[in-house]
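In what follows, a single structure is set out as structure tokens and then discussed.
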Amino acid sequence: MSGLKMPLPDAATLARRAEIVADMRIIVPGEGVVDAENAMRVFETDGLTAYRQLPMVVVLPETVTQVSRILKYCGERNIKVVPRGAGTSLSGGALPLADAVLLVMSRFNRILDIDYANRTVTAQPGVTNLGITHAVEQDGFYYAPDPSSQIACSIGGNIAENSGGVHSLKYGLTASNVLGIEMVLISGEVVRLGGKHLDAEGYDLLGLMTGSEGLLGVVTEVTVRILKKPETARAVLLGFASSEEAGQCVADIIGAGIIPGGMEMMDRPAIHAAEDFVQAGYPLDVEALLIVELDGPAAEVDHLIGEVEAIAKRNGSTTCQISTSEAERMNFWAGRKAAFPAVGRISPDYLCMDGTIPRKELPKVLAGMRELSEKYGLRVANVFHAGDGNLHPLILYDANKDDELARAEAFGADILRLCVKVGGVLTGEHGVGVEKRDLMPEMFTEEDLNQQIRVKCAFDPDHLFNPGKVFPQLHRCAEMGRMHVHRGQVAFPDIPRF
Amino acid sequence: MTTFTPSTPEQVLETVSWAAAEETPLEVVGHGSKRAIGRPLRVEHTLDLSQLTGVTLYEPEELVLSARAGTPLAELEKLLAQNNQEFAFEPMDYGPLLGQEPGRGTIGGALATNLAGPRRVKAGAARDHILGIHAVSGRGASFKSGGRVVKNVTGYDLSKAMAGSWGTLAVVTDVTFKVLPRAATEATLVLRGLTEEDAAHAMALAMGSSAEVASAAHLPESVTGRVLDGALRGKGSTLLRLEGFGPSVAYRFDRLSALLQGHGSHERLDDAQSRQLWREVRDCQPFADGTPRAVWRVSMAPSQGHHMVMALRMQTAVDAFYDWQGGLIWLRMEADPEADLLRALIAQYGGGHATLIRAPAPWRSAIPVFQPQPPALAALSARLKDQFDSRAILNPGRMGI
Ligand SMILES: Cc1cc2nc3c(=O)[nH]c(=O)nc-3n(C[C@H](O)[C@H](O)[C@H](O)COP(=O)(O)OP(=O)(O)OC[C@H]3O[C@@H](n4cnc5c(N)ncnc54)[C@H](O)[C@@H]3O)c2cc1C
């Protein structure tokens, strides 16, 4: 494990471990409290497997009352809490802490309400993303945000990470598809934000909760918007001799007023890895591959396919295949969807990065990555959500070779710095977690971060939720309270007039 | 009584820092076009942002626009239209309803009040389109959040926290919004003669179809004559809007009309008329009557709105129409605003919230303009306010905290 610093475990809490475990068993009777080391092993990491840590105790509550009592107990005794959904976070958001209760929400696995008149599903947070679609697909509905991990990741985790997927280009991220939540604060208080109606009656706390990475409260119920399945979907597979041409094609499609259901790009190493793995029929003599999916009424899709084809030709596409059947469309996607495991086959380990850049900077950033790849002596394969500029460089390394993890991490950090430099951001959908925590100052000033920490103080004044994540340094709320201007010390005693 | 009119973010910072140090409250105003909404403030100084203007970045092919917060919304909409683009959240114009001239308001005000229009059900509100901000907190600290790209989960989304905060947390100095291509054309399917209950059912069918309906509204008989210069006078009108490329709109129109056979008689409004109609629905034109009679804006689950209105009608004289598939209810009270009655009925029919948009000032002082929150939530909101504006100098009392 490389040099990640986590908050020092609190000796007083650790000393009371047996008592805490016993108290947890009173709140959650039966099998819901796990404290044996071997049984806790499965929880020691999440999707960012480079980091591992056993928790103090694992608790799997089943009711909101239990969650409320657990949090009140921890809040009163200054015990840290790490919420966890399915543990697929790629940024270490669900990484346990040695002195914290790991609060696993997987038993909250029921769909509570399906309401077609209002197009909503209300579910417990442990229901998987795909589970929501499964619950309504027999009636032709689906839940639009579709992370690649949708078979496993929980809807509660999606809220905490504001997850997105291929279809977010047209249908938005989690934040635009969630209507309401129930959550429990560290005080044990249960609050409801939103519901089946639109927009908040006060501050947009739902907007703040979405993407808060388990640092503000525990989500215990979720109401999302479902959509009717589009009448048809067809995909176009386009090959280009350079990533510049592919990038320009993306820009021109959007410039023509077309917002595809999905628009994904892969670079040469990713194309080859995917093709070797699933034989999707991808052209191997191209530098960049674009998959453009158009969905909607047949008349619209046919019309737009023609336009996309023309735009691609103008940008010098060397191959252009249009899906003529559902099987063919799925085949186009098979390679892209298998890109991560495909890369896993050609390298013992890989790190998945997640920066976002303004689309037009793509050629510059790709060129920068090639240079960095040489500098660090590590290969990189790229898959992108091209429509919204979200990059997923996969850095290939071998953890068993002396310093390769450290080099891979340094390489990744440099890629993210480059993203920020061209006007982009550190993370588009995977979250900051522990992985990008120490890079936050690349994007934010101390004052920017302080205002974010102040938001945390409003929800969790003692910083008991998920400490060590997101913020490089978590100032105590009492210290944050100080104003930085004081009566009599301002530079302009006169009233400023402009 | 001083009015500060900063023209740079630095001057905003200076003013707010001064006010924070002096603990003297400021009323934050864009154009003041929505001043009539919310508790009337008794504040000595005004922070007028109408000189903090200018587009700082507009890249049509990147679908992104940044501007100083005081830039007139109308100016930005004109600029976008030149490139066949728009704010897809269709910010409503409160001018007509509040008895002011139309076309005023700033982009900062649009965010602070989380504006939306009839397309809310498909495209979201200002909160769903804001990408990044620069702002000065009530503590006199300047900060930024977000950026200029759509996909971004780096840190808390403080930009969204500004949406609907009515200037009570921070003064926004710069905004970056996502912009989108304007639809090539639009058309509206009008179903005539449905009861409110039947209309709710028809709108649910339409929104639950694959016709990609962008907006669904219902104007009962008493209201329908007050749009399109009286062209829809007569029986109640249920309005379903389709937008997109010409062939697609034509195709979907036929599909939708077929789906809704038996739901009233069908009429079609083409591009120009359709656009005018939805602008009038957006701006609450039916109640833009030049009177100060109380107008409520209510948000509920779409299937519940008309039940609540029926129950309300049993007890008081009220005129109503529906947008957002029935989930946004505009109410004009003929006499007393009846806040308690209304809010009790909203709670009874599945919950939601009511904002008193128009009323004579004495009413606005006497009743909570914004929906009161349950204690734990109200306490959380107050703590959030305190973390942005610990000395309560920004629009104190505007939202009730
Ligand atoms: C192969 C693979 C592909 C992926 N593809 C995508 C993708 O395409 N798009 C994308 O956005 N992400 C993707 N991810 C990342 C990950 O799946 C998402 O971040 C997902 O939302 C995490 O959900 P989870 O239930 O696994 O949460 P966890 O990993 O358990 O937790 C994630 C964070 O959420 C918090 N949390 C979880 N549940 C709750 C709750 N109920 N209340 C409060 N906080 C909670 C945790 O504290 C933690 O900070 C991928 C991951 C993998 C492994």
ring-ring contact (aromatic ring centres under 6.0 Å, His included) against B/Phe245, all qualifying residues, sequence neighbours excluded: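 So B/Phe245 forms a ring-ring contact (aromatic ring centres under 6.0 Å, His included) with A/His303.
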Residue [X] versus chain B: region with a heavy atom under 4.5 Å:
X	result
A/Leu185	side chain
A/Arg359	both
A/Ala200	backbone
A/Leu439	neither
A/Lys170	side chain
A/Ser187	neither
A/Ile259	side chain
A/His430	backbone
A/Lys456	both
A/Leu304	side chain
A/Glu429	both
A/Phe444	both
A/Met440	side chain
A/Glu213	side chain

Among [options], residue most engaged with chain B (heavy-atom pairs, under 4.5 Å):
options	answer
A/Glu189, A/Lys196, A/Gln452	A/Gln452
A/Gly202, A/Gly195, A/Gly211	A/Gly202
A/Leu169, A/Val191, A/Val425, A/Leu179	A/Val425
A/Asn390, A/Leu173, A/Asn162	A/Asn390
A/Ser212, A/Gly389, A/Ser168, A/Pro461	A/Ser212
A/Thr356, A/Val432, A/Val190	A/Thr356

Looking at [Y], is its backbone amide N or carbonyl O close enough to the side chain of [X] to form a donor-acceptor pair, meaning the two atoms are under 3.5 Å apart?
X	Y	answer
B/Ser299	A/Leu198	yes
B/Glu61	A/Ile254	no
B/Lys144	A/Met443	yes

Can you confirm whether [X] sits close enough to [Y] that some side-chain heavy atom of one is under 4.5 Å from a side-chain heavy atom of the other?
X	Y	value
A/Tyr171	B/Lys122	no
B/Ser142	A/Glu447	yes
B/Ser210	A/Pro230	no
A/Glu231	B/Arg255	yes
B/Leu377	A/Leu205	yes
B/Leu384	A/Val455	yes
A/Lys228	B/Ser209	no
A/Thr445	B/Phe143	no

Identify the two heavy atoms, one from [X] and one from [Y], that lie closest to each other, and give their separation to 0.1 Å.
X	Y	value
B/Ser248	A/Pro297	OG-CG, 4.2 Å
A/Gly423	B/Arg148	O-CG, 3.4 Å
B/Gln325	A/Ala117	NE2-O, 2.7 Å

Atom group of B/Gln85 that falls short of 4.5 Å from chain A, counting heavy atoms: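 Nothing of B/Gln85, per the 4.5 Å heavy-atom cut-off to chain A.
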Part of B/Pro60 within contact of chain A (heavy atom distance under 4.5 Å):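 No part of B/Pro60 comes within 4.5 Å of chain A.
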Partner chain A: residue of [options] with the largest heavy-atom pair count (under 4.5 Å):
options	value
B/Gly164, B/Gly326, B/Ser303, B/Gly147	B/Ser303
B/Ala163, B/Gly327, B/Gly155	B/Gly155
B/Met207, B/Gln371, B/Glu212	B/Met207
B/Val121, B/Asp128, B/Val64, B/Leu205	B/Asp128
B/Ala376, B/Ala204, B/Gly208, B/Pro247	B/Gly208
B/Val249, B/Asn114, B/Leu158, B/Val150	B/Leu158

Atom pair [atom1] ([X]) and [atom2] ([Y]), whose distance is rounded to the nearest 0.5 Å:
X	Y	atom1	atom2	value
B/Lys151	A/Ser163	NZ	OG	9.5 Å
B/Arg127	A/Ser176	CZ	OG	6.5 Å
B/Lys160	A/Asp204	NZ	CG	7.5 Å
A/Lys360	B/Glu62	NZ	CD	5.5 Å
B/Asp157	A/Met209	CG	CE	13.0 Å

B/Tyr156/A/Phe459 under ring pair (Phe, Tyr, Trp, His ring centres under 6.0 Å): CA gap, chis, key distance, verdict: CA-CA 13 Å; B/Tyr156 297 142; A/Phe459 284 80; 8.0 Å; no
Polar side chain donor-acceptor pair, B/Gln373 to A/Tyr203, under 3.5 angstrom: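 No.
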A/Gln451 and B/Arg139: side chain donor to acceptor below 3.5 Å: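 There is no such pair (donor and acceptor under 3.5 Å, judged by atom type) between the side chains of A/Gln451 and B/Arg139.
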More than 12 heavy atoms from other groups under 6.0 Å of CD on B/Glu59: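 Yes, CD of B/Glu59 has more than 12 neighbouring heavy atoms, counting only those of other groups under 6.0 Å.
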Single hit among B/Val153, B/Asn152, B/Thr154 for side chain to side chain contact (heavy atoms under 4.5 Å, CB included) with A/Leu426: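 Among B/Val153, B/Asn152, B/Thr154, the one that satisfies the side chain to side chain contact (heavy atoms under 4.5 Å, CB included) with A/Leu426 is B/Thr154.
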Under-4.0 Å salt bridge between B/Arg120 and A/Asp199: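 A/Asp199 and B/Arg120: salt-bridged.
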